[in-house]
Amino acid sequence: MVNQERDGYDPSTVEQKWQQLWEERGTNSFTLEELQSAQDPFYNLMMFPYPSAEGLHVGNIYAFTGADVHGRYQRLRGRTVFEPIGFDAFGIHSENFAIKMGTNPMDLIPSNVENFTRQLKRIGGMFDWDHSVDTTDPDYYKWTQWVFIQLFKAGLVEHKEAPVNWCPSCMTVLANEQVIAGECERCNTPVEQRQIAQWFFKITNYAQRLLDNLSHIDWSDKTLKAQSNWIGRSQGARLNFPVINKDGQDTGTMIEVYTTRPDTVFGATYMVLSPEHPLVDVVTDPGLTEEVDKYRQKAKEKDLVARQKVDKTKTGVPTGGYCQNPATGDRIPIWTADYVLMDYGTGAIMAVPGHDQRDFDFAKQFNLPVVRVVAAPDDNADTALEQAYVGSGFLVNSGQFDGTDVSKSVEIVTAWAADNGWGAATVNYRLHDWCISRQRYWGPPIPIIHCNACGAVPVPESALPVVLPRIEDFRPDQSGISPLARIEEWHKTTCPECNAVARRETDVSDTFLDSGWYFLRYPSTEFADRPFDPDLMRRWLPVDTYIGGNEHAVLHLLYSRFLTMALHDLGYLDFEEPYDIFRAHGLIIAEGSKMSKSKGNVIVPDPVIEEFGADTLRTYLMFLGPFEEGGDYRQDGIQGPFGFLHRLWDSVTSAADGEPDPGVERKVHQTIRQVTDQIPNLQYNTAIAAMMECLNVIRAGGRIATRTEVEPLVPMIAPFAPHIAEELWERLGHSESVFEGANWPSFSEEKAAKDSVTIAVQVNGKLRASIDVPSESIEEDVVEAARADENVTRHIDGLEERRVIYVKHRLVNFVVT
RNA sequence: GCCGGGGUGGCGAAAUGGUAAACGCAGGGGACUUAAAAUCCCCCGGGCUUUGGCCCUUGUGGGUUCGAUUCCCACCCCCGGCACCA
């Protein structure tokens, strides 16, 4: 423990004082006029939290502090920094928690938001509380619904049937994460799939643009890669296989398959349709209908998670139908098997067991023929296949294409198929359309009215918001559909077009829609008549820096890019990418292992702030390790930054007038240089270490600092420890906040320059001496000084000197034999 | 299986081709003090040592280089994500 009596630093007094002053003076908040006229604007965004009942944990604080440091630094450099925060309070988490507690989410959320607000203020974030958003506020979700309607009008919204996880015992829709090992997490009943009509956003229309833009946005590499993998562009071909009857005659039905290896078509020995494929009924032999139906029913009973698990033992049944392989003319059987997914490609494949491991496994299981159509350079057409071969080589057993190298075969065979009218090159994406329907209560109602005569009609914009009614019975029940469907007085309405009796859509929208556009709203919260003001958009958007967790690498970050792109195309925005820079922060663990309630190692910030202050906690978190990699929170380690801030306080408050010591001044300038370089690159841990080192030099031997030596450390520590920085800045005689005006210190290369340098002297790469030489010494002098060193002499005497390596200001290496 | 990120003292870590272990924690010794705290000074990867020094050490094995924690190849382990994507 530090003696507070002596140095007078009491974190809680200082922090309360400055938090109050910031609020009174409006230090961190903007008026509308200020936003409209801001010079050199910098939009500093961080991912807004979901306000849980537990409150903020140290992982949240870590993320917010790292982003806040970035914003505060930009402000100290003179930029006008807008740093808003809000609450992503709709969604299944809040709803499940409310169900568990037996509380209505409408009561639960405000108290959570209040608690989060208190905690966020306490850690000293530079938040503009006048521009906060809460996604559950009708003034906000009015515009979420507006976004839906704009996309609907643009033809980017589609209503179609899609499978959902269904618990037959709870009679409710489950989210994927509520399905544990194929069973409902609440009652352990096996989960099945149900087809329900749902609303989709056609994000796949944008797949190529979403992929292409990745090459010019400045994002963390791992996030870019995750998005690119998620979009999953693949190049291949669609091939048509005619269905034939028992006599080998064409029935007029075609099965279209997608393949990335059209060149292996000669090896397609059977076909597989996904159990959901509509042609299964058409091709199935009447004698096998029962078997096939049984299999399809079994597949349906699998939940969506289990269905996609890799399983060594493949299942499937023959349909009794046949196709003709258009390359060989052979008759090949049609099977149905659940290893083929309706979701991808065309939901049907040509099976090439020789060159696809899944098809190979299936063929072995059911004794289907395996034909080699690619041979490795040292193999031939008859080399046996022990497993699917996917390497390089040349085509075999492929008619006129025998001998074609596989590097060219895809193109050549596709062209042949196209010429003969049974195929075409195509691009396929793994990305699916975005299902935004939720058969739940806690979200914004989807603003659609279903009319028997007019179909699905959007709610007129003048009638927005469609307010989510407070209902006591918000839990899922036996009816199995959205809770709002039970409230007739709510969903019964009239059609906006024909005035007939009609019904409101009773599904609510996905939380990712709420968070998909929130950054557009922050600057415009004053405007009740528009979601975002065009002038403010031009001044502040796109976001300059967005910092958040990589757990949102695909969903949130992809959806918000899509919405921005769509709104751009509709003429609402003049940019199409929302975030210039995105950086993913690392994860905080505690005492070497992941924080979890069950382990009981969750660090709660409040008691830590109580004992050490927010400034120490912030500085410690940023000191733990590289911000983009995370760190290990250890209880004992906080003493380091705590002591550092105390010593800084002591040195600043006792600083004397006078000339700085030249050696100390050099260190100060070197430190400014390093910290200035590292903070914008989020290298916070080493920037803090540099300041610690600098203060150690200033205080060495118990010396009292001069004011010029220690003053630059105050604005430099300010991004990390804003309260103590404000207090010390004031005590140094400044009347304004350190954050008003560009108070970042400057350095001079001249003053940072060393007048002597330590040179490592090696013989054959091994260190034999260290010598000090004047930094402007010429090579010859340094080499001679090195050669003169006694220990060096011992190692080179009597040997032949072949080379001397000289690296300025670094080393001399004598290469001898 | 695929795609990321990692593996360095007792611990968190630093160094991106040039003195491995900066900074901090924990530990040990000393100064100041009636005492404690705070502050300041010293030690703190391992081994050998004639105390001058010498040898070993960044997951493992190889390579490139005067020189490799850093670049290349192969392998092992840990963490995260995706996963029958045709």
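Below, read A as the first sequence line, B as the second, and so on, with proteins coming before strands; counting in each chain starts at 1.
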Polar pairs (N or O, both sides) under 3.5 Å between protein and nucleotides 40-42 of chain B?
{"from": "C40(B)", "atom 1": "OP1", "to": "Arg699(A)", "atom 2": "NE", "distance (Å)": "3.2"}
{"from": "C40(B)", "atom 1": "O3'", "to": "Gly701(A)", "atom 2": "N", "distance (Å)": "3.1"}
{"from": "C41(B)", "atom 1": "OP1", "to": "Gly701(A)", "atom 2": "N", "distance (Å)": "3.3"}

Quick tally for nucleotides 66-80 of chain B: nucleotides whose base has a protein heavy atom under 4.0 Å get B, sugar-phosphate-only ones S, the rest -, giving B-------------S
Could you spell out the base pairing of RNA chain B as a dot-bracket line? Use Watson-Crick and G-U wobble contacts where both distances are under 3.5 Å, [ ] for crossing pairs, | for partners on a different strand. (((((((..(((.....[....))).(((((.......))))).((((....))))..(((((..]....))))))))))))....
Side chain to side chain donor-acceptor pair (under 3.5 Å) between Ser274(A) and Tyr344(A), intermediate numbers included: CA-CA 10 Å; Ser274(A) 155; Tyr344(A) 187 78; over 6 Å; no
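- Atom name C1', nucleotides G59(B) and C78(B): the rounded distance is 10 Å, in whole Å.
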What are the atom names and distances for every N/O pair under 3.5 Å that joins the protein to nucleotides 10-16 of chain B?
{"from": "C11(B)", "atom 1": "O2'", "to": "Arg634(A)", "atom 2": "NE", "distance (Å)": "3.2"}
{"from": "G12(B)", "atom 1": "O2'", "to": "Leu624(A)", "atom 2": "O", "distance (Å)": "3.0"}
{"from": "A14(B)", "atom 1": "OP1", "to": "Asn685(A)", "atom 2": "ND2", "distance (Å)": "2.7"}

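- Minimum atom distance to the side chain of Arg430(A) is reached by A83(B), of the listed A22(B), A26(B), A83(B).
- Side-chain atoms of Ser770(A) lie closest to U19(B) of the nucleotides C82(B), A86(B), U19(B).
- Contact annotation: Tyr258(A) side-chain N/O to A86(B) OP1/OP2 distance is not under 4.0 Å.
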Got a list of protein N/O to nucleotides 53-57 of chain B N/O distances below 3.5 Å?
{"from": "G53(B)", "atom 1": "O3'", "to": "Arg794(A)", "atom 2": "NH2", "distance (Å)": "3.4"}
{"from": "G53(B)", "atom 1": "O2'", "to": "Arg794(A)", "atom 2": "NH2", "distance (Å)": "3.4"}
{"from": "C54(B)", "atom 1": "OP1", "to": "Arg768(A)", "atom 2": "NH1", "distance (Å)": "2.9"}
{"from": "C54(B)", "atom 1": "OP1", "to": "Asn791(A)", "atom 2": "ND2", "distance (Å)": "3.3"}
{"from": "C54(B)", "atom 1": "OP1", "to": "His795(A)", "atom 2": "NE2", "distance (Å)": "3.4"}
{"from": "C55(B)", "atom 1": "OP1", "to": "Arg768(A)", "atom 2": "NH2", "distance (Å)": "3.1"}
{"from": "C55(B)", "atom 1": "OP2", "to": "Arg768(A)", "atom 2": "NH1", "distance (Å)": "3.0"}
{"from": "C56(B)", "atom 1": "OP2", "to": "Lys766(A)", "atom 2": "NZ", "distance (Å)": "3.3"}

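- Rounded to whole Å, the P atom of G80(B) lies 16 Å from the corresponding atom of A13(B).
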I'd like a table of donor-acceptor pairs (distance under 3.5 Å, sequence neighbours excluded) in which one partner is a side-chain atom from residues 548-559 of chain A, with atom names and distances.
{"from": "Asn550(A)", "atom 1": "OD1", "to": "Thr223(A)", "atom 2": "OG1", "distance (Å)": "2.7"}
{"from": "His556(A)", "atom 1": "NE2", "to": "Tyr546(A)", "atom 2": "OH", "distance (Å)": "2.8"}

